[in-house]
Amino acid sequence: MAMAMRLAAARVALAGPLGLRTALFSTLTSSSPFVPPPTNQAERPPPAEPSTNLFVSGLSKRTTTEGLREAFAKFGEVVHARVVTDRVSGYSKGFGFVKYATIEDAAEGIKGMDGKFLDGWVIFAEYARPRPPLPVNNAGPSPYPPAYGSPYGRQ
DNA sequence: CGTGAGCGA
């Protein structure tokens with residue numbers, strides 16, 4: 001009958017593009033009796049297009065570039081790896097980038113490290129987005145001095 | 001308190 005059921009606080013997961021969440025121990029048992037599906041649940045858009053650049057998120061604040069490279073180098077040849085850190089603080093922003101030599105290695109790296117643990121945190125690996133052409137010429141609103149050569153983002 | 005979404009110098 002009327003049992004004092006605990007309000008499970010209908011937490012509407014404000015899932016982003018990936019639904020990133022600290023699902024460490026929580027298995028995310030979405031078995032709510034009343035959970036109206038969103039307007040969209042028939043389309044599963046890919047996170048990004050295949051590329052050699054990988055975007056790794058969910059990194060621990062103490063995970064560094066070497067740790068990231070060492071972790072992804074087990075699934076392919078990592079050409080480049082970097083953990084994004086702040087310029088003024090110097091601390092990791094919690095995500096990084098890993099560039100493989102080929103697309104197939106990148107795919108293996110994703111399937112091998114996406115959803116895995118790194119430094120005690122679940123990390124997410126996916127293809128990175130294409131970056132702006134980087135105005136190496138002073139003919140654009142570049143907040144940064146054109147003192148950097150061609151970046152990564154090309155295969 | 002770098003407690004946590006995201007895409008880099």
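Lettering follows sequence order; numbering is per chain, from 1. Atoms considered below: every heavy atom in the structure, side chains included; atoms not considered: hydrogens, waters and symmetry mates.
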What nucleotide, of B/dG4, B/dA9, B/dC7, holds the atom closest to the side chain of A/F55? B/dC7
Between A/R129 and B/dC7, is there a contact of a side-chain N or O with OP1 or OP2 at under 4.0 Å? yes
Same cluster (ILVMFWY, side-chain, under 4.5 Å), A/M113 and A/F97: no
Quick one: label A/G58 by what it contacts on the DNA or RNA (base, sugar-phosphate, nothing), any heavy atom closer than 4.0 Å. base
Closest to the side chain of A/R87, out of B/dG6, B/dT3, B/dA9, is B/dA9
If we require ring centres under 5.5 Å and near-parallel planes under 30°, does A/F97 stack on B/dG8? yes
To the nearest angstrom, the CZ-P distance between A/R69 and B/dG8 comes to 20 Å
Run the ring pair (Phe, Tyr, Trp, His ring centres under 6.0 Å) check on A/F55 and A/F95 step by step: do they pass? CA-CA 8 Å; A/F55 171 67; A/F95 62 95; 5.5 Å; yes
Figure out the CG/C1' separation between A/L54 and B/dG6, and round it to whole Å. 16 Å
Could you tell me the separation between the CZ atom of A/F95 and the C1' atom of B/dA9, rounded to a whole number of Å? 12 Å
Quick one: label A/L59 by what it contacts on the DNA or RNA (base, sugar-phosphate, nothing), any heavy atom closer than 4.0 Å. base
If the cut-off is 4.0 Å, is A/K93 near the phosphate of B/dG6, judged by side-chain N/O to OP1 or OP2? no
B/dG4 C1' sits how many Å from A/W121 CH2, rounded? 6 Å
Separation of atom CG in A/D86 from atom C1' in B/dG6, rounded to whole Å: 14 Å
Classify the nucleic acid contact of A/T85 as base, sugar-phosphate or nothing, counting any heavy atom under 4.0 Å across all strands shown. sugar-phosphate
Less than 3.5 Å apart, which donor and acceptor atoms pair up between the side chains of residues 61-76 of chain A and the rest of the protein, not counting sequence neighbours?
| from | atom 1 | to | atom 2 | distance (Å) |
| --- | --- | --- | --- | --- |
| A/R62 | NE | A/S60 | OG | 3.4 |
| A/T63 | OG1 | A/S60 | N | 3.4 |
| A/T65 | OG1 | A/V83 | N | 3.2 |

Residue A/E126, side-chain heavy atoms: nucleotide from B/dC7, B/dG4, B/dG8 that is nearest: B/dC7
Roughly how many Å is it from CZ in A/R131 to P in B/dC7, rounded to a whole number? 12 Å
Strictly distance-based, threshold 3.5 Å: is any side-chain N or O of A/S51 a donor or acceptor partner for the main-chain N or O of A/N53? yes
Considering heavy-atom distances to DNA chain B, does A/V98 or A/S60 have its closest nucleotide positioned more toward the 5' end? A/S60
A/K116: salt bridge (charged side-chain N to carboxylate O under 4.0 Å, His left out) partners, not counting sequence neighbours: none
Find which nucleotide of DNA chain B each of A/S92 and A/V84 is nearest to by heavy atoms, and output the residue with the more 5' nucleotide. A/S92
Whole-Å distance between B/dC7 P and A/I123 CD1? 18 Å
